[in-house]
Amino acid sequence: MARLESLIGLVNRIQRACTVLGDHGGGDGMSLWEALPTVAVVGGQSSGKSSVLESVVGRDFLPRGSGIVTRRPLVLQLHQIEANRSEYAEFLHCPKKKFTDFASVRKEISDETDRITGKSKQISNIPIHLSIYSPNVVNLTLIDLPGLTKVAVEGQPESIVEDIENMVRSYVEKPNCIILAISPANQDIATSDAIKLAREVDPSGERTFGVLTKLDLMDKGTNALDVIEGRSYRLQHPWVGIVNRSQADINKNVDMIAARRKEQEYFETSPEYGHLAHKMGSEYLAKLLSKHLEVVIRQRIPSIIALINKTIDELNAELDRIGRPIGVDSGAQLYTILELCRAFDRVFKEHLDGGRPGGDRIYKVFDHQLPAALKKLPFDRHLSVKNVQKVVSEADGYQPHLIAPEQGYRRLIDGSIVYFKGPAEASVDAVHFVLKELVRKSIAETEELKRFPTLQSDIAAASTEALERFRDESRKTVTRLVEMESSYLTVEFFRKLNSEPERTPNQAGSKADKHSKETVQNMDTFGDNYLRRIASNVSSYINMVCETLRLSIPKAVVHCQVREAKRNLLNLFYTKIGRQEKERLGAMLDEDPALMERRTNIAKRLELYKSARDEIDSVAWK
């Protein structure tokens with residue numbers, strides 16, 4: 001018997017823990033709570049359901065009245081305690097409060113029912129969870145369901161009959177539910193609502209226990225032996241007769257323990273049921289259910305263990321996905337932060353190196369954006385005949401050049417090279433923008449970081465600060481490249497050019513023509529063809545510089561920005577966090593409260609399932 005009670009008591013404790021953690025069904029799969037056997041008490045209104053429950057518990061604690069009294073399912077978990085301890089009750093909705101006065105338990109059930117349904121005759125499928133700890137009970141979980149009815153009364157919706165039946169079905173249809181079908185003995189068993197429903201959901205009768213109440217209220221000269229002995233309606237399990245307290249006993253507040261003794265005396269002295277007295281009564285019913293529960297639990301152990309193992313794997317996978325709890329000491333916190341930063345850094349490098357999309361946008365800056373910007377530079381306007389003449393004339397001053405306008409060339413080249421600064425800096429800024437976007441995407445894609453919004457912000461700020469330093473250095477470098485082209489011109493390029501003024505086609509013409517040309521030269525110093533040749537020479541040189549910068553600017557940008565971002569993006573951040581106090585490290589690892597609550601709940605469920613597996617293994621096979 002001790003082993004039986006320890007096994008059923010263990011199941012009861014597991015069910016209680018499942019209830020506390022909210023792991024009692026309602027999801028897509030079967031929960032552990034649903035996998036463990038329970039006893040659903042089913043019967044029509046005024047069939048004596050409440051009295052049977054009170055007889056099993058040995059306490060008067062359920063609301064009474066006419067019509068529908070049970071308007072919400074009552075999940076009643078009975079826990080057997082040592083004989084020298086005082087009995088008490090606890091509700092799940094107020095777990096820190098112990099009820100030692102069972103009249104208060106009755107009132108709390110009534111109040112909690114009204115809290116959901118209001119002071120009406122409506123019903124709700126939201127259960128009330130009550131645990132009773134007493135030396136006078138066996139370890140058992142019973143579910144008291146609203147009484148089945150055939151008609152709606154005033155104040156109830158027309159659907160109440162169907163609503164109650166659907167609610168009751170949702171419990172008794174489960175394969176692990178034992179059905180306690182309550183029927184009054186003073187009514188024809190053929191009209192029993194409980195038996196009718198039990199037959200539909202359990203046609204073989206292997207999950208159904210029949211209970212006959214109100215045996216003492218049958219008409220004189222009649223008895224229920226045909227039912228109890230299985231001749232009227234046979235079940236796989238024996239029928240049990242119950243004699244409830246009379247209304248007079250209830251009015252006199254007759255003790256339930258005394259009522260149990262009175263019930264047993266009734267059967268022992270009854271001429272009809274005396275030979276069955278040892279198989280009648282609420283005490284026998286509780287022991288019968290306990291014994292059957294042991295058999296059912298043993299049959300279900302392999303499937304229960306399989307479900308527990310499956311759920312443990314799922315919970316571990318979920319914990320891995322959202323992240324394990326973090327140590328509270330500064331060393332563990334610093335290690336966690338560094339690991340999270342490395343995880344982000346890996347994702348960021350994958351974006352740059354091609355493992356993830358994004359790095360190709362940097363190449364597009366060099367292959368499309370930079371060349372397009374270089375082509376749009378206003379060299380045509382800068383090297384127009386009019387501007388060339390202006391620049392050359394200003395460079396000559398009061399003394400015109402003798403052979404080639406070297407100062408004019410230099411000024412035209414310097415003025416042209418300055419235009420390259422715009423595309424060079426634009427390339428720097430474009431790559432900077434891409435890198436910032438990749439940082440943002442990398443933070444979002446780093447699974448390990450999702451639980452730490454503060455650290456995400458800190459990494460984003462540190463990365464942005466580093467990228468801005470790299471951008472400033474890159475901007476200086478490309479500016480130097482442009483300025484270097486102005487600082488020293490490639491002399492060999494100009495030595496290949498014919499620096500003499502271009503001759504006119506009719507140089508050997510008539511004196512009139514010569515006179516006319518001399519007149520034009522006197523008016524305009526240099527001819528258009530001469531100026532165009534200067535512009536063409538400068539343009540050729542600028543094209544050479546343009547090609548040089550088109551190739552060197554990307555190298556400088558990659559060296560100063562991309563390469564540094566890959567190598568040293570968070571180096572300064574690492575230095576800073578190494579000097580942080582424990583409180584600041586803890587603040588960086590501050591998580592979303594909802595996620596923390598979820599992890600705590602998963603950890604508790606995981607602990608529950610592991611403990612349940614170990615305890616079931618250790619108890620079941622003793």
Side-chain angles (χ1 to χ4, degrees), residues 1-21 32-33 36-39 41 52-62 74-106 108-109 128-144 178 180 245 253-264 278 281-298 301 607-608 611-622:
M1 185 66 182
R3 184 180 65 184
L4 179 151
E5 290 178 347
S6 63
L7 179 57
I8 297 176
L10 169 62
V11 170
N12 215 15
R13 291 197 306 275
I14 294 172
Q15 286 177 321
R16 172 67 176 171
C18 288
T19 302
V20 171
L21 294 178
L32 178 56
W33 200 98
L36 297 172
T38 54
V39 179
V41 184
V52 171
L53 280 174
E54 289 181 332
S55 295
V56 169
V57 174
R59 276 290 186 174
D60 186 356
F61 69 98
L62 292 173
L74 175 66
V75 179
L76 177 61
Q77 293 183 303
L78 306 180
H79 304 261
Q80 188 179 58
I81 58 176
E82 293 83 357
N84 59 348
R85 291 179 60 188
S86 300
E87 56 187 353
Y88 64 94
E90 285 183 344
F91 287 93
L92 182 64
H93 59 269
C94 44
K96 295 182 179 179
K97 184 176 180 181
K98 288 186 178 181
F99 292 78
T100 55
D101 178 7
F102 281 81
S104 299
V105 173
R106 182 188 303 111
E108 184 63 29
I109 292 174
I128 298 173
H129 291 269
L130 170 63
S131 290
I132 294 179
Y133 299 82
S134 170
N136 303 315
V137 299
V138 293
N139 291 304
L140 202 60
T141 294
L142 300 158
I143 304 174
D144 185 21
I178 297 168
L180 197 61
R245 286 186 304 167
N253 292 321
V254 173
D255 180 73
M256 289 300 303
I257 302 301
R260 281 185 184 178
R261 289 195 297 267
K262 187 175 180 181
E263 177 189 41
Q264 194 59 36
H278 63 290
S282 54
E283 282 192 85
Y284 173 77
L285 176 63
K287 292 175 182 178
L288 179 66
L289 289 174
S290 290
K291 185 175 181 180
H292 182 69
L293 272 178
E294 181 192 25
V295 175
V296 173
I297 291 169
R298 291 197 179 282
I301 282 176
E607 183 180 355
L608 164 66
S611 173
R613 179 181 60 188
D614 295 341
E615 290 195 52
I616 290 174
D617 273 341
S618 64
V619 172
W621 309 117
K622 282 183 180 178

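Looking at every heavy atom in both residues, Val137 comes nearest to Val57 through CG1-O, 3.4 Å. Between Phe61 and Ile109 the shortest heavy-atom distance is O-CD1, 3.8 Å. Contact between Ser86 and Ile81 at its shortest, heavy atoms only, is O-CD1, 3.6 Å.
Listed by chain and number, the residues in a side chain to side chain contact (heavy atoms under 4.5 Å, CB included) with Ser611 are Glu615 (sequence neighbours excluded). In terms of the salt bridge (Lys or Arg N to Asp or Glu O under 4.0 Å) criterion, Arg613 has no residue partners (sequence neighbours excluded). Listed by chain and residue number, nothing satisfies the salt bridge (Lys or Arg N to Asp or Glu O under 4.0 Å) test with Lys98 (two or more places apart in sequence, or in another chain). Under the salt bridge (Lys or Arg N to Asp or Glu O under 4.0 Å) criterion, Glu87 pairs with Arg59, sequence neighbours left out. When the side chain to side chain contact (heavy atoms under 4.5 Å, CB included) test is applied to Ala89, the partners found at least two apart in sequence or on another chain are Phe99, Phe102, Val105, Leu130, Ile132. By the salt bridge (Lys or Arg N to Asp or Glu O under 4.0 Å) test, Glu90 pairs with Arg16, sequence neighbours left out.
In this structure, the side chains of Asn139 and Ser290 stay at 4.5 Å or more apart for every pair of heavy atoms. By the 4.5 Å heavy-atom criterion applied to side chains, Val41 and Leu76 are not counted as neighbours. For the pair Ile257/Asn136, a side-chain contact is recorded, criterion being any heavy-atom separation below 4.5 Å from C-beta on. Leu289 places none of its side-chain heavy atoms less than 4.5 Å from the side chain of Val138. The side-chain heavy atoms of Leu36 and Thr141, taken from C-beta on, include no pair separated by under 4.5 Å.
Atom OH in Tyr284 sits 15.5 Å away from atom CZ in Arg260 (nearest 0.5 Å). The NZ atom of Lys287 sits 13.5 Å away from the CG atom of Leu140 when rounded to the nearest 0.5 Å. Put simply, NE2 on His79 and OG on Ser131 are 3.5 Å apart, with the number rounded to the nearest 0.5 Å. Atoms CG and CG, on Leu180 and Leu288 in that order, are 9.5 Å from each other to the nearest 0.5 Å.
For the pairing with Leu74, the side-chain contact (heavy atoms from CB on, under 4.5 Å) check across Ile143, Leu62, Leu142 returns one residue only, Leu62.
A salt bridge links Arg245 with Glu54: the distance from a Lys NZ or Arg NE/NH1/NH2 to an Asp or Glu carboxylate oxygen falls below 4.0 Å.
Although no hydrogens or angles enter the test, the distance criterion places no donor-acceptor pair under 3.5 Å between the side chain of Arg85 and the main chain of Pro135.
In the model, Ser55 has no side-chain atom that pairs as donor or acceptor with a side-chain atom of Glu263 under 3.5 Å.
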